[in-house]
Each structure stands twice: as C-alpha cells, then as structure tokens.
Amino acid sequence: MQAGMRTLCAGSGASLCCLLLLWVIYSHLLREGQLAVGTCEIVMLNRDSSQPRRTIARQTARCACRRGQIAGTTRARPACVDGFCYVS
C-alpha cells in the first residue's frame, strides 16, 4: 500500500511539474506585444452614434496569420482565414 501511494505521489508531482513547465513556455511565447500564430486582436474600436437610430462601428485589428492565411472575419470578428488566389 505504501509503495502504491509513493508511486501515485511521484506521478502527480511529475505531471504537475510538466504542466508548470508548459505554462511557463506558453506565457514566455505570448509576451506583451506578441501574438500567437493564427490569432487576432482588436487594437481600436470606434463607434459613431451621431445619427439617430444608426450606429457606425469601425474596428482595427492586428493579426498574426500562418503561411497561406490572410486576415479576414469570422462571425463578425477578426480572424485568420485560408487565403485563395483569384484568377480572372
């Protein structure tokens, strides 16, 4: 019984150590000012409500897309979408 408990504690400690190491690596990669590959963030959002019953919204986004992707929108949010070539 004691050997099983020691093995369980050692395994839990090793798992916790691995998760902590992965979290440190992930947070190091996502420093302030850097985006993870394939993500976008909204830099600026302006709303103009000067006209009654009409609101105009403009947003500026910053994206870090993978190779072969372009900045676009998905469900009215900035996102990296697959790029395509248009040949006329």
Side-chain angles (χ1 to χ4, degrees):
M1 187 73 173
Q2 289 286 345
M5 194 65 151
R6 286 184 194 155
T7 305
L8 180 65
C9 288
S12 297
S15 297
L16 184 62
C17 185
C18 287
L19 286 174
L20 182 63
L21 181 64
L22 288 174
W23 180 77
V24 167
I25 291 171
Y26 181 74
S27 63
H28 179 71
L29 292 175
L30 293 179
R31 288 184 187 159
E32 187 176 331
Q34 294 180 348
L35 288 176
V37 175
T39 61
C40 295
E41 72 175 356
I42 296 175
V43 178
M44 186 181 345
L45 179 64
N46 293 327
R47 293 185 189 265
D48 182 10
S49 300
S50 60
Q51 298 176 357
R53 293 184 285 156
R54 184 174 177 184
T55 300
I56 301 170
R58 292 182 185 92
Q59 67 183 15
T60 304
R62 185 173 72 129
C63 296
C65 299
R66 292 182 177 93
R67 186 179 185 118
Q69 290 185 326
I70 58 172
T73 56
T74 302
R75 295 185 181 143
R77 299 195 61 146
C80 292
V81 295
D82 292 332
F84 60 92
C85 292
Y86 177 73
V87 180
S88 56

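Every value quoted in this text rests on a predicted model; they were computed, and no experiment measured them.
Apart from Ile56 itself, the hydrophobic cluster it occupies contains nothing, where clustering links Ile, Leu, Val, Met, Phe, Trp and Tyr at side-chain heavy-atom distances under 4.5 Å.
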Which side-chain N or O atoms in residues 67-78 pair as donor and acceptor under 3.5 Å with protein atoms at least two apart or in another chain?
unit_1	atom_1	unit_2	atom_2	d
Gln69	OE1	Arg66	N	3.3

If you look only at distance, which donor and acceptor atoms sit under 3.5 Å apart when one is on a side chain in residues 40-48 and the other is two or more places apart or in another chain?
unit_1	atom_1	unit_2	atom_2	d
Glu41	OE2	Arg62	NE	3.0
Glu41	OE2	Arg62	NH2	2.8
Asp48	OD1	Ser50	N	3.1
Asp48	OD1	Ser50	OG	3.0

